[in-house]
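First comes the structure, then the notes that go with it.
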Amino acid sequence: MEVLRITRPGGPDVLATDERPDPVPGPSDLLVRVRATALNRADLLQVRGHYPAPPDVAPDVPGLEYAGEVVAVGPRARRFKVGDRVMGLVGGGAWADLLVTHEREALPMPEGFDFTDAAALPEVYLTAYDALVLQGGLRAGETVLIHAVASGVGSAAALLCQASGARVVGTGRNAAKLARASEWGVARTVLCEASPPRFADAVREETGGRGADLCLDLVGGDYVPETLEALAPQGHLLLVGLVAGARVDVDLGTLLRKRLRLTATVLRSRPPEEKMALAQSAQRHLLPLFRSGALRPVVDAVLPREQLREGLERMARNDSVGKLVVRWA
Ligand SMILES: NC(=O)c1ccc[n+]([C@@H]2O[C@H](COP(=O)([O-])OP(=O)(O)OC[C@H]3O[C@@H](n4cnc5c(N)ncnc54)[C@H](OP(=O)(O)O)[C@@H]3O)[C@@H](O)[C@H]2O)c1
């Protein structure tokens, strides 16, 4: 099979096509022919040599999500058969013609979706669902502050909040990108051009002075202290990304006084049983929302495989709104 591999740490130009033996599915695995994949910040970091792959995947072939067709199943696999259309997350190796995944980590593609629609779903929706619903206990009537709301995860999270009856205040640094936010049901956007960013007053205004119940923080850095100000008493900060920085000075007194909760989370490094549990939960509770039309892919562009490198450059420039999808085969 053909893969796109990292030849040395660097920019997207260090990626090169290579031939590898076809992977062989284990007893409960699926062998999937990749039809589409999508780009992630983690891929950018991995290509630069800053985010090594977990031990169970090829260290030099990035790619965290896929949509494709089952071409073989292990002898103990029961959930899918050859020809089924599946999508899902993998620890790496999705920039390849074929990949192997445990059948309990794969999800059936929503009916009527094509491969490029489906490849836009796993990373952003599983991340948003896991953080907001499973860890944040999202409920109707709550107000959720989402940083970088025009990002892939941000736009998916906003649609999930809308589908759950929650209200969203979203931040971002680009007015043109924020102008799209009403498409995802965002009630109010706050343009954050200055550093440190200021949004707590706007959140209080939107919530009758109370503050947000939850914050999905996709950026970290100097957004964190202001986020603590913007949260309601007993509010919950879900820290998911660090594009704005990994170090910051925080007044722990604010956490204490307001009895706030802080949860930090990643998907990729979790043990397989936790990834399977998330996929199974998403199949039961999230997939029906695609069938009903409440959730949908937010796609910035579908690129041919030859333009994957340009897609990564675009992501690095923060130019995209929603997902950059790559048609593989
Ligand atoms: N923990 C996990 O398991 C997990 C899973 C998936 C993603 N993530 C993280 O979630 C975040 C969003 O991912 P994504 O794939 O949705 O990203 P994305 O679509 O590429 O968008 C990220 C956005 O973040 C904003 N941003 C970039 N640098 C920033 C800075 N210095 N300060 C403030 N905002 C900045 C930009 O939006 P504006 O230009 O509009 O401000 C950018 O478009 C990333 O941090 C990613 O690493 C974590």
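Sequence positions, counted from 1, serve as the residue numbers for this chain. Indexing begins at 1, ligand by ligand and atom by atom, following the structure's order. Everything numeric in this text was worked out from a predicted model, so none of it was measured.
- In terms of protein heavy-atom proximity, atom 41 (O) of ligand 1 is closest to R173 NE, 2.8 Å.
- In summary, the atoms of ligand 1 found under 4.0 Å from a heavy atom of Y223, numbered by their order in the structure, are 33 (C).
- For ligand 1 and L242, the ligand atoms under 4.0 Å from any heavy atom of the residue are 45 (O).
- Among all non-hydrogen protein atoms, the one lying nearest atom 21 (O) of ligand 1 is S151 CB, 3.0 Å.
- Remark: minimum distance from atom 42 (C) of ligand 1 to any protein heavy atom is reached at N318 OD1, 3.3 Å.
- Between V240 and ligand 1, a contact under 3.5 Å exists for at least one N or O pair.
- At under 3.5 Å, a nitrogen or oxygen of L267, whether backbone or side chain, sits near a nitrogen or oxygen of ligand 1.
- Within the 4.5 Å cutoff, the side chain of D60 has heavy atoms near those of the R20 side chain.
- In terms of modelled atom types and a separation under 3.5 Å, the side chain of K258 and the main chain of E229 share a donor-acceptor contact.
- Distances below 4.0 Å separate heavy atoms of L218 from the following atoms of ligand 1: 10 (O), 11 (C), 44 (C), 45 (O).
- Closest of all the heavy-atom pairs between L160 and L286 is CD1-CD1, 3.8 Å.
- In this pair, F290 and Y125 present their aromatic rings perpendicular. The plane angle is above 60°, beyond the 30 to 60° band.
- Taking any N or O of G241, backbone or side chain, none lies under 3.5 Å from an N or O belonging to ligand 1.
- Atoms of ligand 1 found under 4.0 Å from any heavy atom of T127 (numbered from 1 in listed order, with element): 5 (C), 6 (C).
- Heavy atoms only, all atoms of each residue included: A106 and R79 are closest at O-NH2, 3.4 Å.
- Interface atoms of ligand 1 facing V266, defined by a heavy-atom separation under 4.0 Å, are 1 (N), 2 (C), 3 (O).
- Here's the thing with V153: one of its N/O atoms is less than 3.5 angstrom from an N/O atom of ligand 1.
- The single protein non-hydrogen atom nearest to atom 32 (N) of ligand 1 is A244 CB, 3.5 Å, given as residue, atom name and distance.
- Shortest contact from atom 5 (C) of ligand 1 to any protein heavy atom: E123 OE2, 3.0 Å.
- Looking at atom 40 (O) of ligand 1, its nearest protein heavy atom turns out to be K177 NZ, 3.2 Å.
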